[in-house]
Amino acid sequence: MKRTRIKNIFSEGNIGQTITICGWVRSKRESKGVAFIALNDGSTQDTLQLVVPSDSSAFNKLSGCNTGAAIRAAGLLKESLGKGQKYEVEVSDLEIFGEADSEAYPLQKKGHTLEFLREIGHLRPRTNTFGAVFRVRNVLSNAVHEFFQSRGFIWVHTPIITASDCEGAGDLFTVTSLDLEKLPAGNNGDIDFSQDFFGKRAYLTVSGQLEAEFLAMSLGDVYTFGPTFRAENSNTSRHLSEFWMIEPEMAFADINDVMQLAEDFIHSLCGMALEKCEDEIAFFEKFYKNTSINDLRSLAEKPFVRMTYTEAIKVLEKTKEKFEFPVKWGLDLQSEHERYLTDKVFKGPVIVVDYPKGIKAFYMRQNTDGKTVAAMDVLVPKVGEIIGGSQREERLELLEGRMNDMGLPLENIQWYLDLRRYGSAPHAGFGLGFERMVQYITGMSNIRDVIPCPRAPQSIKF
RNA sequence: UCCCGGGUAGCUCAGCCGGCAGAGCGAGUGGCUGUUAACCACUUUGUCGGGGGUUCGAAUCCCUCCCCGGGAGCCA
């Protein structure tokens, strides 16, 4: 079926041409002499105005053209006679693919709350808001690849099913082909996973980092971009059980290199969103007011504030601001502390580096002070932690020592330790939650509104 | 998982000191208009989240479960 995308009509605008467009009706206004249809096909933010004169054969098909109906229209592209739009199509031929009963169709030409739209996840992409979100999401996905590819990073596909359970990144979903009605009993009354599909217990990945490390220690600079699963019972506007994560890993790099990479990366994504999604960003600015073209422009250019954890604690100790949780060296920064730094003190992204080793993962490189590790978090206003990264511990003895101190078993992870035995080198990387990035750029306040099918505890509809 | 707030028409919400279930929007019909989430008039709509209890009588009070939202923790 030949059709012109509405996006292309607006960009090319060949006035006087006969064109065919397909899409879904947003609204219809009828009168005696003429009827107007606002049509959207998902390719762009704006609707195209269709004009149906009463003497056109299309006019008597209008009763089936209610909000939500899928139609094809053909006619002449003209400069609009009315205000509010540049182009319109004078329809000479109209075909209705599928009507949408106006009594039953949940989306009507009125505002709906995001909470309500979450209940109709299969229809919400037809709204202005979700059309915009998913177009921005697409542009950002592509921007991720463009950024890394242009810097010579190699995209690696780390496994979704994994056997490593000691990453400490979160609770895992078990993957099994065992009959859940008849689970084989092991020695101590627990389940005998040696009879399971892989011969041992398997999980959905919580991070591709450990695998990305061995690929970096052979290919140089790599990145992952794929789905990640966490079984934590997290009920917040910033957590999903299934989300997409981006994890670059650089060989021959230290913590400063990875901080710079993180900053360049965010700058680049903001710039790309501005360049390719101006209409969408303008829409978010107008209707939700949590993002703006000007904010993004400065985010795309302004250097991030950088400070050590120790400096951050000093800032937090000095303020008169009252916090619910204590501020003390050695304790992790709470959301309220992070928000104070990003929203009130610096009014922009902040990179905090060199955290106490007691609150960070085993694989992070120990600093010479004996107290801290080369870990960094990028904190952004409203969303909070968007990136967590570190220089990895490349010294075998120190890594083993740390694992022993933390009571982590070494036997299943000898392959990871091998990287420190054979040709070990400094390397560093970070993890970025893609949905949080989409949230940050669109200003959507709930993470469930930036992914088509959000998975969360007790929630797997659609 | 914890702390708050909420669940009443298709949607947003009022009613909650117990006594006939309401408004706006939407939708429908008619009118009018090169219209812009058009406008005007009329019409339409209920398992008051589920279950149990108190009471002559419960949307309203009590218990319980479920679901949703905000915040917190865990994290990206």
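Worth knowing before you read on, the calculation uses all heavy atoms, side chains too, and leaves out hydrogens, waters and symmetry mates. Residue numbers begin at 1 in each chain, while the letters A, B, ... track the order of the sequences.
A/I387 comes within contact range of the sugar-phosphate backbone alone, with a heavy-atom separation under 4.0 Å but no base atom that close. Using a 4.0 Å heavy-atom distance criterion, A/F36 is classed as a base contact.
Figure legend. B/rC75 is base-paired to no nucleotide; pairs are counted as Watson-Crick or G-U wobble with both atom distances under 3.5 Å. Base-pair partner of B/rG19: B/rC56 (Watson-Crick or G-U wobble, both distances under 3.5 Å). Remark: B/rG28 base-pairs with B/rC42. Criterion, Watson-Crick or G-U wobble with two distances under 3.5 Å.
In this model, no donor atom of one side chain and acceptor atom of the other lie less than 3.5 Å apart for A/Y288 and A/T442. Side-chain atoms of A/T67 and A/R26 include no donor-acceptor pair closer than 3.5 Å. In this structure, a donor-acceptor pair under 3.5 Å is present between the side chains of A/S390 and A/R392.
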Detail all sub-3.5 Å separations between protein N/O atoms and N/O atoms belonging to nucleotides 36-44 of chain B.
{"from": "B/rU36", "atom 1": "O2", "to": "A/Q85", "atom 2": "OE1", "distance (Å)": "3.1"}
{"from": "B/rU36", "atom 1": "N3", "to": "A/K83", "atom 2": "O", "distance (Å)": "2.7"}
{"from": "B/rU36", "atom 1": "N3", "to": "A/Q85", "atom 2": "OE1", "distance (Å)": "3.2"}
{"from": "B/rU36", "atom 1": "N3", "to": "A/Q85", "atom 2": "NE2", "distance (Å)": "3.4"}
{"from": "B/rU36", "atom 1": "O4", "to": "A/K83", "atom 2": "N", "distance (Å)": "2.8"}
{"from": "B/rU36", "atom 1": "O4", "to": "A/K83", "atom 2": "O", "distance (Å)": "2.3"}
{"from": "B/rA37", "atom 1": "N1", "to": "A/G111", "atom 2": "N", "distance (Å)": "2.6"}
{"from": "B/rA37", "atom 1": "N3", "to": "A/K109", "atom 2": "O", "distance (Å)": "3.2"}
{"from": "B/rA38", "atom 1": "OP1", "to": "A/K109", "atom 2": "NZ", "distance (Å)": "2.8"}
{"from": "B/rA38", "atom 1": "OP2", "to": "A/R29", "atom 2": "NH1", "distance (Å)": "2.9"}

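Here B/rU1 presents its C1' atom at 11 Å from CG of A/D171, a figure rounded to the nearest Å. To the nearest angstrom, C1' of B/rU35 lies 15 Å from CD of A/E90. For the pair A/D101 CG and B/rG26 C1', the interatomic distance rounds to 13 Å; values are reported in whole Å. Taking atom CE on A/M376 and atom P on B/rA76, their separation rounds to 11 Å, with Å as the unit. Residue A/I359 contributes atom CD1, which lies 10 Å from atom P of B/rC75 at whole-angstrom precision. The separation between A/L107 atom CG and B/rA27 atom P is 12 Å, rounded to whole Å. As a whole-Å value, the separation of A/E232 CD from B/rU1 P is 14 Å. Look at NE2 on A/H239: it is 8 Å from P on B/rC75, rounded to the nearest Å.
Rounded to whole Å, the separation between the C1' atoms of B/rU8 and B/rC67 comes to 16 Å. Taking atom P on both B/rC32 and B/rA41, the two are 16 Å apart, rounded to the nearest angstrom. With both ends at atom P, the span from B/rG71 to B/rU64 equals 27 Å, rounded to whole Å. Only the C1' atoms considered, B/rU35 is 10 Å distant from B/rC39, to the nearest whole Å. Separating the P atom of B/rC17 from that of B/rC42 is a span of 34 Å, rounded to the nearest Å. Taking atom C1' in both B/rU43 and B/rU47, the straight-line distance is 25 Å, to the nearest Å. B/rU12 and B/rG19 are spaced 28 Å apart, taking the C1' atom of each and rounding to whole Å. Comparing the same atom, C1', in B/rU44 and in B/rA9 gives a spacing of 10 Å after rounding to whole Å.
Listed by first then second residue, pairs satisfying salt bridge (charged side-chain N to carboxylate O under 4.0 Å, His left out) with a partner in residues 122-145 of chain A read A/R124-A/D449, A/R135-A/E280, A/R137-A/E435, not counting sequence neighbours. Applying the salt bridge (charged side-chain N to carboxylate O under 4.0 Å, His left out) test to residues at least two apart or on different chains, none of the pairs has a partner in residues 329-341 of chain A.
A side chain to side chain contact (heavy atoms under 4.5 Å, CB included) with A/L48 holds for exactly one of A/D41, A/I6, A/N40; it is A/I6. Test A/F225, A/F243, A/Y223, A/W244 against A/F434 for ring-ring contact (aromatic ring centres under 6.0 Å, His included) and you get one pass: A/F225.
Taking the six-membered ring for Trp and the full ring otherwise, the centers of A/F304 and A/F346 sit at least 6.0 Å from each other.
Using a distance-only test at 3.5 Å, with no hydrogens or angles considered, no donor-acceptor pair links the side chain of A/S56 to the main chain of A/V52.
Atom-to-atom distance recorded for A/I313:CD1 and A/Y309:OH is 3.5 Å, nearest 0.5 angstrom.
Near RNA chain B, meaning a heavy atom under 4.0 Å from it, residues 431-438 of chain A has A/G431, A/G433, A/R436 in order of number.
Using a 4.5 Å heavy-atom cutoff, the side chains of A/D354 and A/T310 are not in contact.
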What does the B/S/- profile of nucleotides 65-72 of chain B look like, 5' to 3', with a 4.0 Å heavy-atom cutoff to protein? --S-SSBB
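Other residues, nucleotides and ligands place more than 12 heavy atoms under 6.0 Å from the NZ atom of A/K61.
Among the nucleotides B/rC32, B/rU12, B/rU35, the one closest to the side chain of A/E88 is B/rU35.
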Could you give the side-chain donor-acceptor pairs of residues 73-81 of chain A under 3.5 Å, partners two or more places apart or in another chain?
{"from": "A/K78", "atom 1": "NZ", "to": "A/E90", "atom 2": "OE1", "distance (Å)": "2.7"}
{"from": "A/S80", "atom 1": "OG", "to": "A/G82", "atom 2": "N", "distance (Å)": "3.2"}
{"from": "A/S80", "atom 1": "OG", "to": "A/G82", "atom 2": "O", "distance (Å)": "3.4"}
{"from": "A/S80", "atom 1": "OG", "to": "A/Q85", "atom 2": "NE2", "distance (Å)": "2.9"}
{"from": "A/S80", "atom 1": "OG", "to": "A/E88", "atom 2": "OE1", "distance (Å)": "2.8"}

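Each of A/V51 and A/L333 was matched to the nucleotide of RNA chain B holding its nearest heavy atom; the match closer to the 5' end belongs to A/V51.
Remark: A/Q108 is not in phosphate contact with B/rC11, judged by side-chain N or O atoms under 4.0 Å from OP1 or OP2.
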